[in-house]
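Here the structure is laid out as structure tokens; the discussion comes afterwards.
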Amino acid sequence: MNLTIIDYNAGNTQSVIFALNRLGIEPILTDDFEAIQKADKVIFPGVGEASTTMAFLRQKGLDKLIPQLKQPVLGVCLGMQLMCAHSEENDTTCMGIFSEKVKLFQPNNGEKVPHMGWNNITNLKSGIFDESLENERVYFVHSYYVEQSSYTAAVADYCQPFSAALHKDNFYATQFHPEKSGKVGARIIENFINI
Amino acid sequence: MLAKRIVPCLDIKDGRTVKGINFVNLRDAGDPVELGAAYSEKGADELVFLDITATHEKRKTLAALAKNIARNLNIPFTVGGGIGSIEDVDVCLMNGADKVSINSAAVRNPALIDELSLQFGNQCIVVAADAKLINGEWIIHVSGGRIPTERRLFEFTKEMQERGAGEILFTSMDHDGTKAGFAIEALAQLSDNLDIPIIASGGAGTMAHFEEVFTKGKADAGLAASIFHFGEIEISDLKRYLAGKDIIVR
């Protein structure tokens, strides 16, 4: 299987590569359009700031390519946020694969922002999850969140319930970092590989 | 509910894990690659890797060693030690780090934190504040605790938050290595003062100290080194103990 990671100055790409290596997979890291288009599976990682990262994607034309991909695509963390329509982080227009808006957490009970650490995921849907993962803890680190919608594939609760994962057609996305979520995260990546 | 985090810290000198008392008298605590993998397996929530000689000897973080540690880790990984530029952070991230810890450079050039948070996102930037209580004031020290500055813990960390730090790693130099408990009062005040998460460091000696740091100390994460490295407290036992005290852990 050809698993390709989109290379675009995304911060923690190396963490994703190591996580795949631990599952016995050697991913291809590339920004080449043709290589990305012919991959069996695509991972769109992300750690960083929305406007800077979107600017990189536009510069390379990846903002046009990614929404047109037909194979299973997994966006992670900022990757998921950039797949939405708009982010409040420096008022950034994103790729719009999901119609949701990305908003800044508003603490209502003294919660710290960023939401950083291990939290539960519930109401799991879509092929990247399975029953054994319901209510397990995964690693989050983010200050902006995606509201719940019909595309919500997992819910987490911080300040309010929000989308911990999204799914629409061939696009899958997680707000948390499966590559850093221990054995639970490894299982989610395996499920994605097996879609 | 978000869980409180238990964070083993690997202080690295010349490629080995070391641990001192009050920042001096270092003794060897083993191979950092083995320790890192073992902690990940035993249920640690994050790992911090500090190249404690980096600033002092003006070396950059040991990128190759970081990479070897990261390869075996399925939990988040923070790298610190001598980081002072966007290029330094890039090197850390390319070698498998998820976050970086900025210490001396944040004091010498506070605007660096604005640059880094814009480039990499706030969540990536941990500001490590090493402080010592002098005449009733928590004074920030740099260069591995060797040099006192004119900055005070509370105003300094507030500024760091405003400039875009995603987390504060506060080490009480007075408590570090003593195993007599964390700097609870200062930690609670720091947590009340700031809106970003606090990692408490310095003084962990017993499981009760962790309970105290998460309740009275209001910390989001508890960091320790020697008690974990030398097997005095097993992370799984600590998690069970804390769960028994109604503290949410993974």
Between A/E49, A/K180, A/R22, A/E136, the one whose heavy-atom pairs under 4.5 Å with chain B are most numerous: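 The candidate making the most pairs under 4.5 Å is A/K180.
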For B/E46, which residues count as a salt bridge (charged side-chain N to carboxylate O under 4.0 Å, His left out) partner, sequence neighbours excluded? B/R5, B/K99
For residues [X] and [Y], report the shortest heavy-atom separation together with the two atoms involved.
X: B/G166; Y: A/P114; answer: O-CD, 3.3 Å
X: A/S15; Y: B/A97; answer: OG-O, 4.4 Å
X: B/P197; Y: A/M116; answer: CG-CB, 4.2 Å

Identify whether the distance between the nearest side-chain nitrogen and carboxylate oxygen of B/D195 and A/K112 falls below 4.0 Å.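 Looking at B/D195 and A/K112, the cut-off is not met.
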Is it true that A/K183 and B/E41 have a side-chain N and a carboxylate O under 4.0 angstrom from each other?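 Here A/K183 pairs with B/E41 in a salt bridge, since their nearest N and O are under 4.0 Å apart.
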Check: [Y] and [X] side chains under 4.5 Å, non-hydrogen atoms:
X: B/I75; Y: A/W118; answer: yes
X: B/L2; Y: A/N120; answer: no
X: B/I196; Y: A/V113; answer: no

Heavy-atom cut-off 4.5 Å, strictly under: side chain, backbone, both or neither for A/H115 against chain B? side chain
A/S181 versus chain B, the contacting section by heavy-atom distance below 4.5 Å: backbone
Of all of B/P76, B/A3, B/G121, B/G43, which one pairs up most often with chain A through heavy atoms under 4.5 Å apart?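 When all of B/P76, B/A3, B/G121, B/G43 are compared, B/P76 has the most.
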For each of B/N74, B/D90, B/D192, tally heavy-atom pairs with chain A at distances under 4.5 Å, and name the one with the top tally.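 Highest number of pairs under 4.5 Å: B/N74.
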Residues of residues 137-158 of chain A contacting chain B, heavy-atom criterion under 4.5 Å, by residue number: A/R137, A/Y139, A/V141, A/Y158
Heavy atoms from other residues, nucleotides or ligands near CE of B/M1 exceed 12 (cutoff 6.0 Å):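 It does not: B/M1 CE has 12 such atoms or fewer within range.
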Going from [atom1] on [X] to [atom2] on [Y], what distance comes out if it is rounded to the nearest 0.5 angstrom?
X: A/N119; Y: B/R250; atom1: CG; atom2: CZ; answer: 12.5 Å
X: B/L118; Y: A/N90; atom1: CG; atom2: CG; answer: 6.5 Å
X: B/F120; Y: A/L78; atom1: CZ; atom2: CG; answer: 13.5 Å

Residues in residues 151-159 of chain B near chain A [non-hydrogen atoms, under 4.5 Å]: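 So far as heavy atoms go, nothing in residues 151-159 of chain B approaches chain A to under 4.5 Å.
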If I measure from the heavy atoms of chain A, does B/V249 come under 4.5 Å with its side chain, its backbone, both, or neither?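 The backbone, not the side chain.
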Across all chains, not counting sequence neighbours, the side-chain hydrogen bond (donor to acceptor under 3.5 Å, both in side chains) partners of A/D32 are none
